[in-house]
Protein chains: 2
Amino acid sequence: MTISEIAKLAEVSIGTVDRVLHNRGRVAPETIKKVMAIVDDYGYQPNTYARNLKLSKQYTIGVLLPQLHSEFGYWNLIYEGILKAAKELYPLAVRIDLAQFDRSQQGSLLKEGEALLKRKVDALLLAPVVPDDARLLVGKKHCVDYVFIDSPLPQTNPVSTVVQNPFRGGYLAGRMMHLLNPKGGALLTIQTYRSAYNSKERARGFSQYFADKGQYRSYELEIQANADIGQSLDAFYRVHQDMSGIFVVNDAIHRIADRVLLLGRKSQTTMIGYDLVEPNRKAMLAGSVDCLISQRPEYQGYTAVYQLYRKGLLSQEAEPTICVPIDVILPENLVDEQDWCPKS
Amino acid sequence: MTISEIAKLAEVSIGTVDRVLHNRGRVAPETIKKVMAIVDDYGYQPNTYARNLKLSKQYTIGVLLPQLHSEFGYWNLIYEGILKAAKELYPLAVRIDLAQFDRSQQGSLLKEGEALLKRKVDALLLAPVVPDDARLLVGKKHCVDYVFIDSPLPQTNPVSTVVQNPFRGGYLAGRMMHLLNPKGGALLTIQTYRSAYNSKERARGFSQYFADKGQYRSYELEIQANADIGQSLDAFYRVHQDMSGIFVVNDAIHRIADRVLLLGRKSQTTMIGYDLVEPNRKAMLAGSVDCLISQRPEYQGYTAVYQLYRKGLLSQEAEPTICVPIDVILPENLVDEQDWCPKS
DNA sequence: TATCTATGCGTTTACGTTAACGCACTCTTC
DNA sequence: GAAGAGTGCGTTAACGTAAACGCATAGATA
């Protein structure tokens, strides 16, 4: 079913059909009815190729993330997924425009986001890790379609939100801690200074697991940006001689693991953390980290780009929420570069 | 860079450029050189939208899978992923043509595959679970582009192969068995009658894990199609009073789990199996299955379709092998329909 | 010499959609 | 009652690619 076929059936010109389809006015109500009846009956779907050929527009997605090389590369993994999608979608006229902000600095997200909008992006892909800033940004009148990644932002209206359930992630971490470390003893949950939504929920899920099991003593520690981790840890080990496990709610696990090694405490401590950034991969291969929970950052970035593309260029409905599965990574399913691949 | 721009630069007509680009002959060697120089210099990429509009072809992918409702729905999960991709790619003129074969019947794959080729498909997506048949099919002269899914097929030339490493999957299953069941005791690996590549490798990986650990006694059992599972199991339990775990190399785990329950042996037996088909999900929720390894069947199907689409319609290079990560599923990360989703 | 074939190249049409343009007509308004 | 604004609609020109068609010219065959 093409526009000209509709035109023939309705006994009008294709221009008229086009005006009806795009509500461009200047059509008699009678005619509108006649055309719409046919459109509904036969189920007209515009031809994507013809449409985009004619529009011949670049679809630019503004990407707004924290500094890619902050936090040991987590955001960079997300960006890798974004780039992969962008590469695939290059022939379909999708482009990426990246802006990075400093998440520790109030106002930075908003400033960079506004700059991005001024550069005429067609859509926005952002991590709303500074909620107030993000809310102001997407609340702006001239704001384009947007998707959230990494964390949700209530009371907004995104095309889609790509996240993982942090509570369940923490809960699963609890289960893995229990499995890897059945002897019991004191446990420590470490958060870094930022009081991020995901971090809090993960810590909550972890302690909920042990609350459900009625076992173990669980403690929490909040480490400041430039604190001496080794000293805090050492103090903790001295007070709690039966320390048996540490859960770090983010990708900083390898740093804690290094300290634990230096303190000679690895053998008594099960280490669980988040995300397969490069230093964590190395730490796991070296045996200083026992288990990682992954939120599939590459997948999140990749998927988010595709959601926008489908909405913007294919006019498809996006899924309002995409909940990323929670992956458990043990040394046994750690994929390394030289991983097995079947020869064909 | 468009064809007409090239034509202008080379001072020839667009027809000539077109003939050069498509090696359609009837162009002077001199002219070919001149045009190609410009093409290489400026890096011409055909406009996908214009190209596909002009060709206005439906790209039909023939899908050749075992009966979708055999094996408790594993193949149906794959097909769901395929359908999801097809739905997304509908506006890009991608279509699916499904054929099912009986994997227990030699020649069925080949017969259905040939029928599919006769129906003029542009590409083939198949599970080469009957290797001899599959080899004959893709070896045919008029065979189109194809991708393999679920298992590889050596000595063929697919566009892509989407698989998981079955040995590592089994190895990981071993690790999970060890974690979930630290007491030790006799272990049983169950394969069903078909001597499939994946099944064998998984069993091998599982026993390798325990060989590496130098612990446990591990047995293997092969269950015939219509054998009395209960009786075989009962016999086994009687002989091995310290039975502590069962690993089923495929999605039939829930059936074994049912028998174990009936025999009153669940409390002494850790159950690990494969794939999140519906009966397995229920069994896990009910507590009769402790751990599942997933090979992400939906993802496999979804990805395979996209590989063909990118090759066929976008002329992009496909990845020769896509190795699907090995997922561990415990009750704690089992996602159910009413799973948490952030409100936006 | 007339006819045929091969070669090199330009021209043209079509794919389906979008949107600018223009024509004919009907109301207003001074 | 003439100029201006508004309405309904058809026509047409792109967008970039693919491929059929046609037109010269040159050499080969009858």
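Side chains included, hydrogens not; waters and symmetry mates left out as well; all remaining heavy atoms used. All chains are named by letter (A, B, ...) in the order of the sequence lines, taking the proteins before the strands, and each is independently numbered beginning at 1.
- For the pair A:Ile32 CD1 and D:dT7 P, the computed distance is 12 Å after rounding to whole Å.
- Taking 4.0 Å as the cut-off between side-chain N and carboxylate O, B:Lys140 and B:Glu114 count as a salt-bridged pair.
- Judged purely by atom type and a 3.5 angstrom limit, A:Thr31 has no side-chain atom pairing as donor or acceptor with the backbone of A:Val27.
- Summarising the geometry, the separation between NZ on B:Lys8 and P on D:dG16 is reported as 10 Å, rounded to the nearest angstrom.
- Between the CZ atom of A:Arg26 and the C1' atom of C:dG22 there is a distance of 10 Å, rounded to whole Å.
- Surrounding OH of A:Tyr90 are at most 12 heavy atoms belonging to other residues, nucleotides or ligands under 6.0 Å away.
- One atom, CD1 of B:Ile6, and another, P of D:dA18, lie 11 Å apart when rounded to the nearest Å.
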Donor-acceptor contacts under 3.5 Å from residues 50-67 of chain A side chains, at least two apart:
unit_1, atom_1, unit_2, atom_2, d
A:Asn52, ND2, A:Thr48, O, 2.9
A:Tyr59, OH, A:Leu308, O, 3.3

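- Taking 4.0 angstrom as the limit, A:Thr16 places a side-chain polar atom (N or O) nearer than this to OP1 or OP2 of D:dG10.
- Between B:Tyr306 and B:Tyr302, the angle of the ring planes lies from 30° to 60°, which puts this pair in the tilted group.
- With respect to A:Glu88 and B:Arg310, a salt bridge is recorded, a charged nitrogen being found less than 4.0 Å from a carboxylate O.
- In this structure, CD in A:Glu5 is found 11.5 Å from CD1 in A:Ile38, a value given to the nearest 0.5 Å.
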Can you tabulate the close N/O pairs, meaning under 3.5 Å, that link protein atoms to atoms of nucleotides 14-20 of chain C?
unit_1, atom_1, unit_2, atom_2, d
C:dA14, N3, B:Lys54, NZ, 3.3
C:dC15, O2, B:Lys54, N, 3.4
C:dG16, N2, A:Ala50, O, 3.4
C:dT17, OP1, A:Tyr44, OH, 2.5
C:dT17, OP1, A:Asn47, N, 3.3
C:dT17, OP2, A:Ile3, N, 2.5
C:dT18, OP1, A:His22, NE2, 3.3
C:dT18, OP1, A:Arg51, NE, 2.9
C:dT18, OP2, A:His22, NE2, 3.2
C:dT18, O2, A:Lys54, NZ, 3.4
C:dA19, N7, A:Asp18, OD2, 3.2

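- No side-chain heavy atom of A:Glu298 sits under 4.5 Å from any side-chain heavy atom of A:Tyr79.
- Terminal axes of the helix from C:dT1-D:dA30 to C:dC30-D:dG1 (five pairs each, C1' rotation axis) are separated by 60°, to the nearest 10°.
- Considering only side-chain N and O atoms, B:Thr31 lies under 4.0 angstrom from the phosphate OP1 or OP2 of C:dC9.
- B:Glu5 places its CD atom 12 Å from the C1' atom of D:dC15, with the value rounded to the nearest Å.
- Residue A:Lys34 contributes atom NZ, which lies 12 Å from atom C1' of D:dC9 at whole-angstrom precision.
- The closest side-chain donor-acceptor pair between A:Asn157 and A:Tyr146, if any, does not fall under 3.5 angstrom.
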